[in-house]
Every structure is written in structure tokens, then in C-alpha cells.
Amino acid sequence: MYFESGKALEQHRLKLPVREKGALAMQRLRAKRHLSGIGSLVPLLVLSVILMLTGCELFPKSASSFPGVKYAIIVGINDYIYLPYGPYNDLSYCVADANSMKTMLEKAGWTVKLITAESNESTYRFATKSAIESALNNVPSDVESFMFYYSGHGSGGFDPGEAYIIPSDWDPRAFNFTDRMISTSEFASLLEKVPAKNKIVILDSCYSGGFVNPAESSDAVPGNVSSQQVSSSIDMFLKFGELLALNAQYRSADASLAPLTISAAGWDEESWEQGSPIYHGLFTYYLLKAAEMNVEGRMPGDADSDNVLSCIEAYNYAKKALEKTNYRYLPHISGGLRDFALIDNRGN
């Protein structure tokens, strides 16, 4: 669906109705989503005790920078083989998202496998379901830190724990509507097999919040900010403490194995891309801006000025930027106790 806003052509990363629902993807933890009064201090008190016992910092001065091989699979899909069809259309700036992410990460020492579908995908079939699965199944065994980034169509909006990545060969005419999509459960299984110790997932697609554990999404905002009041900053901070306390409790055996997942939108929200003047998905645009060196020689998203842009810093920068727009969606984040370094400029 398209509409004009001034001279800029904007487009949903479409909501595609799910006719068949699969199994929930990742292990779900039960947690209260709303905190009030003195009771809301409990997660922070619990967290403080845990962190004192484990010797961890709540917000360490520098995110973890890993000396081993850093490897990323970056996917951007503009051209869908069987689109346009009915209300479903191709996208315009997902390949630009992927190319810019590749450039940013390679400058920071990441090895990047780029998967894009810009045109003539019916011939090339670069970004089909089998191609994406093959890339995930063939991550090098010596990789220490792994990232999966996706920009394209997403499906969901009916269940907080269920969403889909839509590869280039998805066919809206198929009897099984979700055939050739990648469900949360399929993706979780593929990610589990990746040999890396540290894993980051960033999704810029509609309903991508379905890939974030709903019990842990209390770190940010409701799954649909249009229908629910966004929490105050202090409430978000308290809920983030609850998230970390839960991670410490349930994953203390090896917290580093918990993937850090960032979604552009909630489980019931659409993600957007925009033409002039940005020519990107909005979330990815602000994520890239967080790492863009300014005239002062620092990254705008580097909140603690340590020359390291961490995942949480990049997420916070993008979230605050989106809050200032007229778009009614916000990103979500979940994961283990540690933050991860996206960009490390300390050696430059």
C-alpha cells in the first residue's frame, strides 16, 4: 500500500494476514509487563544483588569487544518474485539498507555475506528462503561473534510470539500462505546451529517484534504504541532492570549464549521506509546515523564517549529518533546480560 506524503513516496513493509499459525519460536519466560509503586523497585534490587555477586556492571563503561572473527549475514529485499500481487508490492530501499549496513560493519572489522534482491530476482534468486537458510547453515566454524540483519517484508500482527521473515520467493497465491516464509521457530532453530558464541539479530520489517521474547520486551514499549500509552523513561528503566534480572536468573549458566535481538517495530506494528531525503528504512537510517562520524570525530550514538558504539547505544539512539517522528512504531530489544560492540573505534 502506497501513499504520498509531500514529495516523498512512503511504503509499509506490509502486514500480511497469517492463515496458518506455527509453533512459538523461542523459549518464553513469564513476567509482569506493568510495574507500579514501590513494587517496581524489586527488579532493580534483585538485579543489584545478582550483579554484585557476579561482579557485573549494570551499564559497563565499554561494551564487550571480542577479539575473534566477527561475521554478519546481511539481507535486503526490494524485488519479490511474485509481487506485485493484489495489495502486496515490492519495496524500494531495503537493498540500500543492506548495502549501508555492510559498509558500516566492514569498516568495523566484520566479514559480511551480503544477500540482496534488487531486480530480476525471478532469474537470479539471490534471496530465496533456501538461499537465506543455506547462508545460516554455512557460517564459518571459527566465528566468535555473529550478526543477522534483515530488511524486507514481514508478516504477523496476530500473536505476540509469532512473526515471519519473507524471502524473495514467497508466493501470495500459495494455498499455504506462510509457505516459503521463515517463521520464528524456524529462525530460532537455524540460529541455534550457528557456531558463534555471541549472536546479534537486527530486523527492520513489519511485526518484527514477534521475534523478540514477549516476556522480555518490557525493556522498551508496548507491542503497539498506537493503542497503548508509551511508558515514561523511569518506567522503561525499571522494566529494563526486570529484563536483566530475568536473564541473570534464567541464563546465569552462560548468559553470553542468549542472542541479543533488536526489532524495528513491535509485534503488532508496521515498519516504514521513506524516499527523499533519506532513501532508507526509517529504523535502519537512524541506526546508521548512530555510527556516522560527526565533525567532532565521534559517533552520535556513542552515549558514553568511549569510541565504542554498542548495540544498546545504537538501539537507544534509533528509538529516540523515531519517537520524534510522526510514525507510530518503536523498536524493541531483548537478550543476555552483556552488551555487544557494533563499532569499535578505539584503535583508530
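Numbers here simply count residues along the sequence, with the first being 1. Not measured: the values here are computed from a predicted model.
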Visitor: Is it the case that the side chain of Asn78 and the backbone of Ala117 share a donor-acceptor pair, with hydrogens and angles ignored and the cut-off at 3.5 Å?
Guide: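 No; judged by distance alone, with no hydrogens or angles, the pair does not exist.
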Visitor: Return the set of residues passing ring pair (Phe, Tyr, Trp, His ring centres under 6.0 Å) with Tyr80 (not counting sequence neighbours), or none when no residue passes.
Guide: His153
Visitor: For a side chain to side chain contact (heavy atoms under 4.5 Å, CB included) check, start with the C-alpha distance between Ile165 and Met181, then their side-chain angles and the critical distance, and finish with the verdict.
Guide: CA-CA 6 Å; Ile165 290 169; Met181 294 184 186; over 6 Å; no
Visitor: I need the Arg180 CZ to Lys129 NZ distance, nearest 0.5 Å.
Guide: 9.5 Å
Visitor: Centre-to-centre under 6.0 Å for Trp110 and Phe146, is that the case here?
Guide: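 Ring centres of Phe146 and Trp110 not closer than 6.0 Å.
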Visitor: I need the Tyr317 OH to Asp302 CG distance, nearest 0.5 Å.
Guide: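 The CG atom of Asp302 is 12.0 Å from OH of Tyr317, to the nearest 0.5 Å.
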Visitor: Can any side-chain N or O of Glu192 pair as donor or acceptor with the backbone N or O of Ser189 at less than 3.5 Å?
Guide: no
Visitor: Identify, with sequence neighbours excluded, every residue that meets ring pair (Phe, Tyr, Trp, His ring centres under 6.0 Å) alongside Tyr85.
Guide: none
Visitor: Might you point out which heavy atoms bring Pro195 and Ser141 nearest each other, and give the distance in Å?
Guide: CG-CA, 3.9 Å
Visitor: Quick one, Val112 and Tyr71 - any side-chain contact, counting heavy atoms below 4.5 Å?
Guide: no
Visitor: What pair of heavy atoms forms the shortest contact from Ile73 to Ile115, and how long is it?
Guide: CG2-CD1, 4.1 Å
Visitor: Mind checking whether Asn294 and Arg298 have side chains closer than 4.5 Å, heavy atoms only?
Guide: yes
Visitor: Quick check on Glu106: does its CD atom have over 12 non-hydrogen neighbours (other residues, nucleotides or ligands) under 6.0 Å away?
Guide: yes
Visitor: Go through the steps to decide whether Cys311 and Ile262 satisfy the test side chain to side chain contact (heavy atoms under 4.5 Å, CB included), and finish with yes or no.
Guide: CA-CA 8 Å; Cys311 289; Ile262 300 175; 4.3 Å; yes
Visitor: Establish, from distance only, whether the side-chain atoms of Ser122 and Asn120 form a donor-acceptor pair under 3.5 Å.
Guide: no
Visitor: Run the numbers on Lys320 and Glu323 for salt bridge (Lys or Arg N to Asp or Glu O under 4.0 Å), then give the verdict.
Guide: CA-CA 5 Å; Lys320 289 175 182 177; Glu323 285 175 339; over 6 Å; no
Visitor: If you group Ile, Leu, Val, Met, Phe, Trp and Tyr whenever their side-chain heavy atoms sit less than 4.5 Å apart, what else falls in with Phe126?
Guide: Tyr124
Visitor: Do NZ/NE/NH1/NH2 and the carboxylate oxygens of Lys193 and Glu133 come within less than 4.0 Å?
Guide: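 Judged by the 4.0 Å cut-off on N to carboxylate O distance, Lys193 and Glu133 do not form a salt bridge.
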Visitor: Just to verify, which of Leu260, Leu191, Val143 counts as forming a side-chain contact (heavy atoms from CB on, under 4.5 Å) with Lys199?
Guide: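 Single pass found, and it is Leu191.
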Visitor: Nearest 0.5 angstrom please: Ile202 CD1 to Ser151 OG, how far?
Guide: 11.5 Å
Visitor: Are any non-hydrogen side-chain atoms of Trp170 and Phe177 less than 4.5 angstrom apart?
Guide: yes
Visitor: Can you confirm whether Val75 sits close enough to Phe148 that some side-chain heavy atom of one is under 4.5 Å from a side-chain heavy atom of the other?
Guide: yes
Visitor: Between Arg125 and Asp169, does a side chain to side chain contact (heavy atoms under 4.5 Å, CB included) hold up when you go through it step by step?
Guide: CA-CA 8 Å; Arg125 304 183 72 85; Asp169 59 339; 3.9 Å; yes
Visitor: Just jot down the side chain to side chain contact (heavy atoms under 4.5 Å, CB included) partners of Ser263, sequence neighbours excluded, or say none.
Guide: Ser208, Val212, His332
Visitor: Does Lys113 have more than 12 heavy atoms from other residues, nucleotides or ligands lying within 6.0 Å of its NZ?
Guide: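 No - once you tally the heavy atoms of other residues, nucleotides and ligands closer than 6.0 Å, there are 12 at most.
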Visitor: State, to 0.1 Å, how close Pro84 and Asp90 come at their nearest heavy-atom pair, and which atoms those are.
Guide: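 Scanning both residues completely, I find the closest heavy atoms to be CD-OD2, 4.2 Å.
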Visitor: For Ala98, enumerate each residue passing the side chain to side chain contact (heavy atoms under 4.5 Å, CB included) test, keeping only those at least two apart in sequence or located in another chain.
Guide: Ile74, Leu114, Thr116
Visitor: Taking Leu288 as the starting point, is it possible to reach Val95 by hopping between hydrophobic residues whose side chains are less than 4.5 Å apart?
Guide: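 No.
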Visitor: Rounded at 0.5 Å granularity, tell me how far CD in Glu273 sits from NE2 in His280.
Guide: 11.0 Å
Visitor: Of the non-hydrogen atoms in Val308 and Ala341, which two are nearest, and what is the gap between them?
Guide: CG1-CB, 3.6 Å
Visitor: Find out whether Leu83 and Pro172 are in side-chain contact, i.e. whether some heavy atom of one side chain is under 4.5 Å from a heavy atom of the other.
Guide: yes
Visitor: When rounded to the nearest 0.5 angstrom, what is the spacing between CG in Asp97 and NZ in Lys102?
Guide: 15.0 Å
Visitor: Tyr149 and side-chain contact (heavy atoms from CB on, under 4.5 Å): which partner among Ile200, Asp204, Leu203?
Guide: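 With Tyr149 as partner, Ile200, Asp204, Leu203 yield a single side-chain contact (heavy atoms from CB on, under 4.5 Å), made by Asp204.
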Visitor: For Ala321, is there any backbone N or O sitting under 3.5 Å from a side-chain donor or acceptor partner on Lys289?
Guide: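 No: the side chain of Lys289 does not pair with the backbone of Ala321.
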Visitor: Under 4.5 Å between any side-chain heavy atoms of Asn198 and Phe340, yes or no?
Guide: yes
Visitor: Indicate the atoms forming the closest heavy-atom contact of Gly301 with Glu313, along with that distance.
Guide: O-CB, 3.3 Å
Visitor: Is there a side-chain contact between Trp267 and Tyr207 (heavy atoms, below 4.5 Å)?
Guide: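 A side-chain contact is absent here, since even the closest heavy-atom pair is not under 4.5 Å.
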Visitor: Can you sort out the partners of Tyr286 under ring pair (Phe, Tyr, Trp, His ring centres under 6.0 Å), two or more places apart, ordered by chain and number?
Guide: none
Visitor: Let me see the working for Tyr82 and Tyr88 under ring pair (Phe, Tyr, Trp, His ring centres under 6.0 Å), right down to the final yes or no.
Guide: CA-CA 9 Å; Tyr82 301 103; Tyr88 313 127; over 10 Å; no
Visitor: In this structure, would Met299 and Ile312 fall into the same cluster of hydrophobic residues linked by side-chain contacts under 4.5 Å?
Guide: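 Linked, Met299 and Ile312 end up in one cluster.
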Visitor: Drop me the distance from Thr128's OG1 to Glu121's CD, to the nearest 0.5 angstrom.
Guide: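 If I round to the nearest 0.5 Å, the distance is 7.0 Å.
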Visitor: Taking side chain as C-beta onward, heavy atoms only, is Leu91 less than 4.5 Å from Ile77?
Guide: no
Visitor: Side-chain heavy atoms under 4.5 angstrom apart, residues restricted to Ile, Leu, Val, Met, Phe, Trp, Tyr: same cluster for Tyr164 and Ile81?
Guide: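 No, Tyr164 does not connect to Ile81 through the hydrophobic network.
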Visitor: Ignoring hydrogens, what is the shortest heavy-atom contact between Leu136 and Phe187? Give both atom names and the distance.
Guide: CD1-CE1, 4.2 Å
